[in-house]
Amino acid sequence: MRLTSRGVAVATLAVALLLGNATSAAGQAPPPYFAITGARIVTGAGDTIDNGTIVVRDGIIESISAGGSVPDGAWELDGAGMTAYPGLIEAWSSLGVPSNRRAAQGGGGRRGGGGPGGGGGEQADHSWGPQDRPATFTWVSAADELDPEDSRLERARQAGFTTAISAPTLGLFPGQAAVVNLAGDRPNDMVVATPVALNVTFTKGRQFPGFPNSSMGVIAYVKQLFLDAQHYDAAWSVYDTSPSGRERPDYDRALEPMRAAVRDDWPVLMPGDMAKEMRRTMRLAREVGIRPIIYGAREAYAPGMAEELASTGVPVLVNLDWPAKQSDGDPEAEEALATLRFRHWAPSSPAALAEAGATFAFYSGSGNAGDAIRGARKAIAAGLDPDDALRGFTLGPAEIFGVDDRLGSLEEGKIANIVLADGDLFAPGTTIRTTIVDGYRFAHEAPDEDREAPAAATFEAVTMAAPLGPARSDAATVIRNATIITASDAGTIENGSVLVRDGRIAAIGTDVDVPAGAHVIDAEGRFVTPGIIDAHSHIAAESINEGSVSVSSMVGIEDVIDPYDIAIYRGLAGGVTTANVLHGSANPIGGKNAVIKLRWGQDAAGLLLQGAPAGIKFALGENTKRDRNPDRYPNSRMGVEDVIRQAFLEAQAYQAEGRRYEQALADGVEGVIPPRRDLKLEALAEILEGTRLVHSHSYRADEILQLLRTAEEFGFQIATLQHVLEGYRVADEIAAHGAGASTFSDWWAYKVEAYEAIPHNAALMTERGVRVSINSDSGEEMRHLNQEAAKTIKWGGADRDAALAMVTINPAIQLGIGDRTGSIEVGKDADLVLWTNDPLSVYGRVDATMIDGVLWFEREHDARIRTERAAEKARLMELDAASGETGGGRRRPTSDNASDQEINR
Amino acid sequence: MKRFSQTFAVLALVMFAGAFGPAAAQDSMLALRGAMIHTLVDGEGPIENGVIVLRGNRIAIVGGPDTEIPRGAEVIDVSGQHLYPGFFDSVTRIGLTEIGQVPVTSDFRELGDSNPHLEAATAVHPASEIIPVTRANGVTHAVAAPQGAGIAGQGSLIHLDGWTVEEMFVSNLYMVVQWPNLQTRGFDRSTFTAFNRSFAEAKEEYDTAIANLESLLDDARRYRASDANSDPTQRNFKLEALGPVLAGEQPMLITANAERAIRDVIAFGERNEVSVVIAGGREAWRIADEVAASGVPLIIGATQSLPSREDDPYDAPYAAPAKLHAAGVKFAISTYNASSARTLPYEAGTAVPYGLPYDEALKAITRYPAEILGVGDQIGTLSRGMVANLLIADGDPLDIATQVTHVVIQGRLIDPYDNKHDNSYEKYRGRPQR
């Protein structure tokens with residue numbers, strides 16, 4: 001690049017001003033007055049000007065013109081051969097916010113405003129609930145933490161970045177994000193706009209022991225904090241309106257800044273990488289009424305995802321650090337198709353977003369802004385229009401954060417953030433030669449002449465096997481000539497037929513009309529039963545236990561459903577249609593459960609059995625009282641009872657508070673502040689009101705009785721005793737209370753409280769009038785619950801109908817869905833299983849599983865997709881091997897709760 | 001417990017009827033009449049309305065309805081029932097553990113990774129409540145096997161009945177070896193920490209572990225060639241214990257589930273000229289032809305388990321026995337458990353609807369484990385001279401609703417209902433209605 005001066009003889013001055021390190025001078029020199037000439041100008045606002053001139057004065061773009069001349073007194077920056085772009089914006093980062101110093105020193109956001117606490121950035125206190133607000137630093141503002149000496153700034157500028165949305169990162173609520181320019185002598189020079197968003201992460205960090213220690217705990221925590229902020233805002237609003245004679249609410253430094261977010265003044269940055277995570281975040285945001293900006297989004301290519309983002313108007317910040325193969329992994333290790341797919345298709349996410357019309361911007365993700373262009377290049381190869389790619393680095397983020405009136409494009413009047421590249425920004429081999437921030441120029445070294453340009457990114461749209469989903473779906477289906485075990489008063493029907501229409505059972509009998517167009521299955525020699533219902537499962541959940549606290553009723557499985565857990569499909573193939581996904585047994589009062597139908601391929605919302613009564617897990621005995629570090633009350637069965645009683649006392653007080661409020665409203669009292677919504681106590685109050693079912697893990701006869709009596713003391717009923725291995729010893733008492741029992745077929749001796757278990761338990765309890773189900777508590781056992789039911793025939797002499805009822809209608813009734821599913825009766829959901837052989841034997845194998853009239857599993861279909869998936873996988877592996885690319889990229893997150901399950905029995 | 005090893009030696013050298021463990025009352029005679037007898041002897045179909053006569057702990061006569069029952073025999077009419085060889089659970093922790101989560105009740109794991117001289121029978125607790133519960137479902141004998149890193153010790157074949165362990169013990173059937181894991185990422189349960197290392201690192205550790213195993217075998221070979229065992233200053237229990245392995249008298253039962261591990265175990269056996277049985281073999285179905293060609297037999301773990309890889313067919317473990325059978329692999333099925341060992345017949349039965357011929361399923365828990373472990377001429381089928389371990393059921397014993405009505409172990413008739421579970425059931429069934 002040739003630099004000439006016009007009108008000023010002393011060229012060296014120009015060199016000093018333009019080439020020199022603008023930030024090294026003592027005190028900031030004013031930005032130079034200069035013009036870039038002869039460059040191709042891509043304005044980022046839709047225009048491209050060949051051979052144009054940009055005049056910059058006082059750090060502002062004064063003019064842009066085709067041809068154009070250099071005004072008097074301005075330096076000329078010869079841009080011949082260069083392309084000028086708007087300065088790139090890193091849409092989510094911690095650039096300039098080096099180490100979260102302040103946050104670490106400040107301690108957690110302990111309720112009541114927080115004190116110095118925490119101490120020295122070491123380990124924070126163990127927290128015992130959301131009320132302790134560990135890992136909350138909402139008052140910390142990135143703008144107040146900036147460090148112009150952050151070495152990452154220069155690297156970012158070299159890569160063409162002039163601006164970043166920077167946020168503190170420590171904890172769950174690290175603080176407030178700001179739009180900052182990536183150069184300045186003093187921190188204050190850098191700030192463009194602040195605050196622009198509240199930053200939320202779902203990763204607490206090891207510095208904050210205690211609650212929350214699970215993903216569902218994190219979500220409950222985030223939810224509760226926003227609810228608290230709403231309550232805080234309401235309380236202060238009422239107070240500020242009429243303070244006279246009114247008690248003043250407590251000031252709370254954690255909640256004060258959040259008022260803006262809950263009033264929708266600021267958006268909230270929230271994570272969401274995989275589709276299920278994005279949906280989870282959107283759901284959470286809807287629930288607490290905030291405006292989210294999702295960061296991550298690398299699985300936006302997933303079917304329907306980009307469209308969903310577009311239609312809801314949720315902006316996304318796409319992480320351009322694409323997933324990569326582990327560089328030092330086992331060469332023989334077989335990666336899952338889902339992992340290969342994620343790696344292959346992630347770069348097509350931006351194209352999918354653009355296609356759907358979603359609002360998006362980019363960030364580098366790797367922490368090195370320079371990687372971003374390389375990532376974008378892959379996105380372009382995978383179908384993203386280069387103009388849209390540029391937008392993702394410029395106007396896109398500027399609009400999302402409300403600074404498009406000053407940044408994001410080369411337009412007159414905007415901040416002079418300009419990049420000069422020696423070619424097309426996204427062409428391989430192009431180098432950023434000059435970066436101009438706020439009118440200050442940063443020149444970069446010319447690249448090595450004989451350096452090889454990197455290979456162009458390529459992308460192949462590998463044919464995807466049939467998406468996860470049903471085998472077939474018909475408006476009407478008739479299964480005929482089957483032995484139908486109805487699990488109803490109709491008993492067993494030989495040579496029977498079932499007509500299924502619109503998802504419901506329409507007719508049953510030996511003679512059923514076949515409607516025109518119905519899918520007919522001739523089941524001669526085969527058996528049909530209701531879909532198996534597993535009353536105790538931990539599949540399809542990303543976390544099982546929030547064991548940091550003795551009462552974790554604020555958390556819920558519904559918040560962490562993993563709809564792509566392969567266990568769902570495996571369960572389907574074992575005839576399971578409905579599962580009660582429970583929290584673990586780490587604490588006397590655990591989390592809320594979720595009842596799902598195994599509609600494989602649906603998202604989390606699609607799995608939920610809508611209308612199923614709400615429920616919650618309790619637990620007694622060994623798992624709740626085992627030694628923990630630090631000590632956690634209870635440590636004995638005495639303490640377990642105490643925890644439960646204390647919790648309900650608290651819940652009664654919460655109810656009373658609610659009633660007082662209702663009364664005040666009814667009495668027409670003005671300006672009453674609604675009580676604080678407490679997620680923990682709300683769930684307990686629902687139990688007292690009879691709208692939430694209690695499913696309690698239990699073993700010993702004594703603890704079973706104790707729980708029944710506690711429930712009776714507080715006026716509620718236990719819906720099911722889970723495991724209940726000594727239930728046979730107190731069967732009469734269980735029956736008298738009206739609790740159901742959900743037990744294992746024959747497991748025993750794995751722990752002391754299971755040593756008195758007998759396989760006759762189910763049959764004996766049934767004999768004594770208890771409604772009994774057999775459950776799996778295991779992703780494996782659930783695949784043959786039919787066999788487990790048959791064991792009640794062997795041990796204890798249950799009759800066949802009673803045995804089958806234990807995995808169909810009985811669990812359905814226990815879960816409060818017995819009027820909809822669990823038996824083959826006209827009007828019920830068509831949840832059916834077709835078996836090759838007697839299901840109450842070891843030889844019954846599932847041929848097909850139907851949920852709501854749709855065949856979600858079918859053996860021939862399974863065989864077909866195996867082949868398709870194998871072909872797809874082979875191709876993906878070939879491409880993978882050919883690319884030879886590796887890196888430390890994040891692996892596809894998988895849920896592995898097997899060990900959890902062991903602990904939960 | 002040296003005497004256990006000696007018993008093995010007797011068996012290995014002499015192999016005559018009567019050497020198979022301590023006999024029951026030698027003169028007792030028991031005749032079971034009227035059952036359909038499934039002998040599982042090649043070429044023999046079921047004998048309808050058959051007669052089986054047991055003398056001492058052996059089978060004296062197997063025949064049809066007209067068989068003459070010797071005078072003095074106690075005769076039991078089991079008409080309408082089915083009679084089978086007793087089930088053999090060939091890798092278990094029976095007698096070595098009582099309550100899973102209470103470590104003090106467990107004796108199957110010793111410290112260190114080189115314990116060839118440890119014998120499971122030493123620690124078998126004859127009064128374990130698990131024993132009667134297990135035999136109630138027709139499991140009449142089992143191998144109590146140690147577990148642990150490297151060479152864990154020797155698995156002891158025991159009858160599931162006996163006043164003392166000496167009455168139960170038969171012989172040490174195999175040397176248990178845990179093949180090293182090649183894992184780059186994972187969770188170490190012993191230290192409760194996650195680890196994450198490069199493949200090169202993991203591979204080096206893996207290779208070293210195998211090399212150590214081989215060098216131990218080399219030491220044992222040299223030791224065997226010397227006369228060190230007659231000199232107390234030179235004698236070494238560990239090396240001595242490997243003698244039967246080197247002599248080809250005792251196989252190594254090597255735990256290997258991953259495809260790579262299975263291949264490497266097969267190669268290890270060939271390279272070191274030791275007889276190998278693969279334990280677990282979860283991914284053996286993937287390379288069934290290779291395994292078949294090697295001739296290495298398998299004791300596969302629970303059929304009722306989850307596929308090992310996410311993309312595996314949902315029914316991979318259920319269908320694995322059928323695939324192995326089709327390829328010609330010799331295998332037995334075992335529970336690898338203690339309290340759940342009574343489910344052994346269902347582990348076998350589950351493979352049937354997924355393609356394993358019924359007879360093969362039955363043999364996989366009776367005859368084949370005995371053959372694989374070198375005692376097939378003693379136990380596992382019903383014919384004259386064989387050990388009298390058998391079960392009588394009211395139907396197909398692989399199916400769940402079937403009731404086992406009688407169990408015979410070493411010629412003794414055992415009441416299957418006298419166990420902790422049935423006793424508890426009867427007691428609480430009798431609780432007066434509240």
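Atoms considered below: every heavy atom in the structure, side chains included; atoms not considered: hydrogens, waters and symmetry mates. The shown structure was predicted, so the numbers you read here are calculated from the model rather than taken from an experiment.
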Subject >> Side-chain touch Val102(B)/Lys751(A), heavy atoms, less than 4.5 angstrom >> reply: no
Subject >> Heavy-atom pairs under 4.5 Å with chain B, option from Ala736(A), Ala754(A), Ala757(A) with the top count >> reply: Ala757(A)
**OP:** Please state whether the side chain, the backbone, both or neither of Glu259(B) comes within less than 4.5 Å of a heavy atom of chain A.
**Re:** neither
**OP:** Would you mind telling me which of Pro759(A), Ala731(A), Ala790(A) has the largest number of heavy-atom pairs within less than 4.5 Å of chain B?
**Re:** Pro759(A)
Original post:
Closest approach of Trp747(A) and Ser340(B), non-hydrogen atoms and distance?
Top reply: CD1-OG, 4.2 Å
Subject >> Centroid-centroid under 6.0 Å between Trp748(A) and His421(B) rings >> reply: yes
**OP:** Would you tell me whether Tyr755(A) and Glu98(B) have side-chain atoms, one donor and one acceptor, within less than 3.5 Å of each other?
**Re:** yes
Subject >> Contact origin within Asp330(A) toward chain B - heavy atom pairs under 4.5 Å >> reply: both
Original post:
Just checking heavy atoms, which of residues 281-288 of chain B are less than 4.5 Å from chain A?
Top reply: Arg286(B)
**OP:** Evaluate side-chain contact (heavy atoms from CB on, under 4.5 Å) for Ser339(B) paired with Tyr750(A), printing each intermediate quantity in order.
**Re:** CA-CA 8 Å; Ser339(B) 61; Tyr750(A) 45 94; 5.7 Å; no
**OP:** Can you measure from CG (Leu840(A)) to CG (Asp399(B)) and round to the nearest 0.5 angstrom?
**Re:** 9.5 Å
Subject >> Residue Asp396(B) versus chain A: region with a heavy atom under 4.5 Å >> reply: side chain
Original post:
Is Asp315(B) close to Arg783(A) at the side-chain level, that is, under 4.5 Å between some pair of heavy atoms?
Top reply: no
**OP:** State, with a plain yes or no, whether a side-chain heavy atom of Lys420(B) is found less than 4.5 Å away from one of Ile758(A).
**Re:** no
**OP:** Kindly compute the distance separating OG (Ser745(A)) from OH (Tyr346(B)), expressed to the nearest 0.5 Å.
**Re:** 9.5 Å
Subject >> Distance in Å, Gln101(B) CD paired with Arg626(A) CZ, rounded so as to fall on 0.5 Å steps >> reply: 6.0 Å
Original post:
For the atom pair OH (Tyr354(B)) and OH (Tyr843(A)), what is the distance rounded to the nearest 0.5 Å?
Top reply: 13.5 Å
Original post:
Roughly how far apart are Asp312(B) CG and Glu334(A) CD, rounded to 0.5 Å?
Top reply: 6.5 Å
Subject >> Non-hydrogen side-chain atoms of Phe857(A) and Tyr314(B) separated by less than 4.5 Å >> reply: yes
Original post:
At a heavy-atom separation under 4.5 Å, does Pro345(B) approach chain A through its side chain, its backbone, both, or neither?
Top reply: neither
Subject >> Top of Glu781(A), Arg729(A), Glu335(A) for chain B proximity - count of heavy-atom pairs under 4.5 angstrom >> reply: Arg729(A)
**OP:** Taking atom CD of Glu868(A) as the centre, report whether more than 12 heavy atoms of other residues, nucleotides or ligands fall under 6.0 Å from it.
**Re:** yes
Subject >> His784(A) and Tyr318(B), any side-chain heavy atoms less than 4.5 Å apart >> reply: yes
Subject >> Greatest number of heavy atom pairs closer than 4.5 Å to chain A - which of Thr97(B), Val133(B), Val404(B), Leu182(B) >> reply: Val133(B)
**OP:** Using modelled atom types only, decide if a donor and an acceptor are shared between the side chain of Arg342(B) and the backbone of Asp746(A) within a distance under 3.5 Å.
**Re:** yes
Original post:
Which residue out of Arg869(A), Arg800(A), Glu767(A) racks up the most heavy-atom pairs below 4.5 Å with chain B?
Top reply: Glu767(A)
Original post:
Can you find a pair of side-chain heavy atoms, one from Gln304(B) and one from Gln787(A), that are under 4.5 Å apart?
Top reply: yes
Subject >> Interface moiety of Glu201(B) toward chain A, non-hydrogen atoms closer than 4.5 Å >> reply: neither
**OP:** Would you mind checking which part of Ser841(A) comes under 4.5 Å of any heavy atom in chain B, side chain (CB onward), backbone (N, CA, C, O), both or neither?
**Re:** both
Subject >> Donor-acceptor side-chain pairing of Tyr728(A) and Ser424(B) below 3.5 angstrom >> reply: yes
**OP:** For chain A, find its close neighbours in residues 426-434 of chain B: heavy-atom separation under 4.5 Å, sorted by number, or none.
**Re:** Tyr428(B), Arg429(B), Arg431(B), Pro432(B), Gln433(B), Arg434(B)
Original post:
For Thr184(B) and Asp328(A), which heavy atoms make the closest approach, and how far apart are they?
Top reply: CG2-O, 4.4 Å
Subject >> Any donor-acceptor pair under 3.5 Å from Asp311(B) side chain to Leu337(A) backbone >> reply: yes
**OP:** Under 4.5 Å heavy-atom distance to chain B, tell me which part of Arg866(A) shows up: side chain, backbone, both or neither.
**Re:** side chain
**OP:** Work out which heavy atom in Lys794(A) is nearest to a heavy atom in Ala401(B); give both atom names and the distance.
**Re:** CB-CA, 4.3 Å
Subject >> Structural part of Asn761(A) lying under 4.5 Å from a heavy atom of chain B >> reply: neither
Original post:
Can you find a heavy atom in the side chain of Thr343(B) that is under 4.5 Å from one in the side chain of Lys791(A)?
Top reply: yes
Subject >> Arg570(A) and Leu306(B), any side-chain heavy atoms less than 4.5 Å apart >> reply: yes
